[in-house]
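Report on the following structure.
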Amino acid sequence: MGDPDSIFADDVELIEDAEVLEEDYTPDKILCRNDALSDFTDVLKPIYKGRPPQNAFLYGDTGVGKTAVTKHLRNKLVNDIEQKNADLSADERVTLNIIWINCENFTTGDHKTSSYQVAVGIVNRLREQGNRITGTGYAPQDVYDIMYSELDALDGTVLIILDEVDKIGDDDTLLYELPRSRDMGYLENVRVGVIGISNDYTFRKNLSPKVKDSLCETEIKFAPYDATELTQILMRRAELALYDSAYSRGIIDLASSLAYKEASGSARRAIRLLRGSAEIAEGEGAEQIAESHVRKADKKIEYGNIVESIADQDDEKLYILKAIAHLDLLNKTPARTRTVHRAYSRVVQGYNEDGAKDPLTQRGMFNHLSKLVMFGFVNTIDRNKGAGGGQWNEHEFSDDVDPAKVKEAYEERGLNWKSIKTRGVDR
DNA sequence: GATCCACAGGAAATAGTGGCTT
DNA sequence: AAGCCACTATTTCCTGTGGATC
């Protein structure tokens, strides 16, 4: 197979069609989501018939098919309308515009997305390149006005899909306005339907009643997949993506049950696991994926997830983690808060030699440290030696975290891993 | 059972930020 | 540009805590 001298070529190839295992692959057949599919179809049906669209709110944990189902039905809907239009005269045709916005992409800095930013996003989606508007500088009402005039320039039905709507934050102006824009007289020519997708259950609760009324006209709930369903999904993907000889029922079952247990029924995780297993097996030159490959892939994914969630933390917390990593390597953990604070101060000074930023006080650092404990990165142990020593906390990495992972997280964030001076840290 | 250590962690004060209005 | 308001991050201050020790 291929050039024997190549360092990239594997001896065997198990993956026949890698695309099927990609994150954004949309299966042509959605499995195990019949309830959601039929509910959702009912929501979209009016569009097909050229009637006013409905609004809907989809919610469920990550990796349980919200986006997949939506994409699938979107494609179907567009296709079916094309078919239908072919048989109709020009004035009977149904026009449908779909705007898919992932609200997460409109975060300014590390701040939340706002209704405002999403409105800007909608405008820019409709405008040609070069005619885009900037994300700042307009009065909010102006932006909404621009948005409405752009929308109204379209024809027929506009379906606005807001993926990850929870990222929009507390300001739900847009969610309030869009669904009722026509009633309020902002739009003349088009009918707007809004589909909100969210994996944050609390988001729905916190919406103002007005928004809940209109946006959550129909709610479609996505439950986590159970192990059997995951098996079905994986079997299907494996059939499409892998050579027949590359996998067995056993490893599919294993992958399903691992994903079910550790990722609370996320198909995304299960598929990622299958793909990882195949890649590891290929790398080892195995003819078939074995249990050990699946377990290795699982470890690797878990590892990657932890590194990623460490890298997501803000600077202060990363400094603290580095400080603990340092103490850990010196076998000085668990360490009391003041020890951690000294190490932390040195870390901060190391990264801000120009004095651009002073370390936080112990009290200030302690707040971040508590968050790290809450997130499960750090364990805190209570100590109390009474009158002979008093009461204090000691901190160490939890089982999930170790210095190597923190270091990797630093690399992922593009921070270099400076060594810190030992002097004075240990007393 | 009173004492007392050494800190945890609550509360208020303060500084800093960003958007909006005038 | 300046003032205002809301909100967040951090510091300062201080009281409360639990159990070993006497």
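To find a chain, count down the sequence lines: A is the first, B the second, and so on, and within it residues start at 1. Only this structure's heavy atoms are used, side chains among them; waters, hydrogens and symmetry mates stay out.
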Margin query: Using side-chain heavy atoms (C-beta onward) and a distance below 4.5 Å, is A:Leu37 in contact with A:His72?
Written below: yes

Next item on the list: Return the value, rounded to whole Å, for the distance between atom CZ of A:Phe366 and atom C1' of B:dA11.
Entry: 15 Å

Next item on the list: Check whether any side-chain nitrogen or oxygen of A:Arg336 sits under 4.0 Å from OP1 or OP2 of B:dA6, and answer yes or no.
Entry: no

Checklist line | Criterion side-chain contact (heavy atoms from CB on, under 4.5 Å) on A:Leu321 and A:Leu372, from CA distance to verdict | finding: CA-CA 9 Å; A:Leu321 287 171; A:Leu372 289 172; 4.0 Å; yes

Note to self: Does A:Lys322 qualify as a cation-pi partner of A:Trp417, given the criterion of NZ or CZ under 6.0 Å from the six-membered ring centre and within 45 degrees of its axis?
What the structure shows: yes

Next item on the list: May I ask you to say what A:Ser370 touches in the nucleic acid, namely base, sugar-phosphate or nothing, with a heavy-atom cut-off under 4.0 Å?
Entry: nothing

Next item on the list: Mark up nucleotides 11-22 of chain C, 5' to 3', with B wherever a protein heavy atom is under 4.0 angstrom from a base atom, S wherever such an atom reaches only the sugar-phosphate, and - elsewhere.
Entry: BB----BBBB--

Check: Among the nucleotides B:dC7, B:dA8, C:dT10, which one has an atom lying closest to any side-chain atom of A:Glu316?
Finding: C:dT10

Next item on the list: Compute the bend angle of the helix from B:dG1-C:dC22 to B:dT22-C:dA1 from the end axes (five pairs per end), rounded to 10°.
Entry: 10°

Next item on the list: For atom CD of A:Glu92, decide whether the heavy atoms of other residues, nucleotides or ligands shown that lie under 6.0 angstrom number more than 12.
Entry: yes

Check: What is the minimum heavy-atom distance between A:Ala267 and A:Tyr225, and which atoms define it?
Finding: CB-CE1, 3.5 Å

Item checked: Atom pair distance, as rounded to whole Å: CH2 in A:Trp392 and C1' in B:dC4 -> 14 Å

Check: Would you say A:Val406 and A:Phe377 make side-chain contact, with heavy atoms under 4.5 Å?
Finding: no

Item checked: Nearest-angstrom distance from the residue atom CD1 of A:Ile320 to P of C:dA9 -> 14 Å

Margin query: With no hydrogens and no angle check, just 3.5 Å: does a side-chain donor-acceptor pair link A:Tyr344 and A:Gln362?
Written below: no

Item checked: Whole-Å gap separating P (B:dA8) and CD (A:Glu394) -> 10 Å

Checklist line | Nucleotide B:dA8, atom P - distance to NE2 of A:His341 in whole Å | finding: 12 Å

Notebook entry, point to check: How would you label the contact of A:His368 with the nucleic acid (heavy atoms, under 4.0 Å): base, sugar-phosphate, or nothing?
Noted result: sugar-phosphate

Check: Is there a side-chain contact between A:Arg237 and A:Leu21, using heavy atoms and a 4.5 Å cut-off?
Finding: yes

Check: Is any side-chain heavy atom of A:Asp61 closer than 4.5 Å to a side-chain heavy atom of A:Phe222?
Finding: no

Checklist line | Whole-Å gap separating P (C:dA9) and NZ (A:Lys357) | finding: 13 Å

